[in-house]
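Below is one structure, written out as structure tokens; comments come after it.
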Amino acid sequence: MEGLSRDFFLEDTRKVAKNLLGKIMVRNLPEGKVRGKIVETEAYLSHNDPACHASRGKTKRNEMMFGPPGRAYVYFIYGMYYCFNVVTREKGRGEAVLVRALEPLEGIDIMKERRGVEDFFNLTNGPGKLCQALGIDKGLNGVDLLEGDLVILDRGEKPEIEASPRVGIRVARARLLRYYIAGNPHVSGISRSKIKEIMENKGATQN
DNA sequence: GGTGGGATTAGCT
DNA sequence: GCTAATCCCACCA
């Protein structure tokens, strides 16, 4: 397991979004360490992408999107939730990758406590949920993800990737800028019965 | 199993 | 005023 280079975040944002799948988010909290594998991301581009916060220029809210690559862009949404993004491309470009879901690996009890739920499959399967589980809020806006209490590590995984339209976005529906690990039960929006089905198949193939 | 509304704030028109 | 890169619960089938 090793850290990512600055160059990792300089590439095409769609490529970074896909490359982030299978990487490990590590968060150090007062209660202990929390780790999760990234299983779902979305790309937000600076050109010809009206859904991107940076598409109408720099504001107080989105200024971190125009900062250097490999840093966090955290914003507040719907009056209650935070969303966590990774800044990509060269400084001033205004592109980022939204992390939409994780597979919990370590610190499950801490996540349950912070989320206020017991269900293992309802801890980090959504952008607002994973921020709550990992204690990510406005205070982490702009922090460097190569070092500190919130970092992303490489475990050398090369998952099978599928693409779809972005979630909750009305414009640019034709563009497939959402990426996720095929068949992973922690991807957002999967029904209870589908999760059960996936887990049963997994058990069958492993034995 | 699926849907519709409420919570609650910042930013934009 | 309205909408938003969301989530949860009550309610219906």
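Everything numeric here is computed off the predicted structure, so don't read it as measured data. Convention: sequence-line order gives letters A, B, ...; per-chain numbering from 1.
The nearest heavy atom of DNA chain C to A/Q132 and to A/M65 marks one nucleotide each, and the one closer to the 5' end goes with A/M65. The residue among A/R170 and A/P127 whose nearest nucleotide of DNA chain C lies closer to the 5′ end is A/R170.
Results of the side chain to side chain contact (heavy atoms under 4.5 Å, CB included) test with A/V86 over A/I152, A/V16, A/T41 single out A/I152 as the only residue that passes.
Comparing the P positions of C/dA5 and B/dG2 gives an interatomic distance of 25 Å, to the nearest angstrom.
Rounded to whole Å, atom C1' of C/dT6 lies 12 Å from atom CG of A/N122. The interatomic distance linking A/R56 (CZ) with B/dT13 (P) rounds to 7 Å, in whole Å. A/Y179 places its OH atom 18 Å from the P atom of C/dA5, with the value rounded to the nearest Å. We find that OH of A/Y75 is positioned 13 Å from C1' of C/dT3, with the value rounded to whole Å. Rounded to whole Å, atom C1' of B/dA10 lies 16 Å from atom CG of A/D137. To the nearest angstrom, C1' of B/dC12 lies 12 Å from NE2 of A/H53. Between the CD1 atom of A/I169 and the P atom of C/dT3 there is a distance of 16 Å, given to the nearest Å. The interatomic distance linking A/E95 (CD) with C/dA5 (P) rounds to 17 Å, in whole Å.
For C/dC8, one of the phosphate oxygens OP1 or OP2 lies less than 4.0 angstrom from a side-chain nitrogen or oxygen of A/K129. For the pair A/R175 and C/dA5, the criterion of a side-chain N or O lying under 4.0 Å from OP1 or OP2 is not met.
The pair A/K33-A/E106 fails the salt-bridge criterion, with no side-chain N (NZ, NE, NH1 or NH2) lying under 4.0 Å from an Asp/Glu carboxylate O.
Aromatic ring centres of A/F66 and A/H53: separated by at least 6.0 Å.
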Problem set entry | Base-pairing string, 5' to 3', of DNA chain C - Watson-Crick or wobble, under 3.5 Å, | interstrand | ||||.|||||||.
Exercise. Where do A/F120 and A/H186 land on the ring pair (Phe, Tyr, Trp, His ring centres under 6.0 Å) test, with the steps shown first?
Worked result: CA-CA 9 Å; A/F120 178 60; A/H186 296 276; 5.1 Å; yes
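Judged by distance alone, the side chain of A/R173 and the main-chain N or O of A/P165 form no donor-acceptor pair under 3.5 Å.
Nearest heavy atom pair, residue A/P127 against residue A/C83, reads CB-SG, 3.9 Å. The minimum heavy-atom distance linking A/E40 with A/L21 is given by the pair N-CD2, 3.5 Å. Scanning all heavy atoms of the two residues, the minimum distance from A/L150 to A/L140 falls at CD2-CD1, 4.1 Å.
Within the 4.0 angstrom heavy-atom criterion, only backbone atoms of the sugar-phosphate kind lie near A/R61; the bases stay farther away.
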For this session: Assign a letter to each nucleotide of nucleotides 1-8 of chain B from its 5' end: B, base within under 4.0 Å of a protein heavy atom; S, sugar-phosphate only; -, no contact.
Result: S-----BB
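Side chains of A/N19 and A/K15: no donor on one and acceptor on the other come within 3.5 Å.
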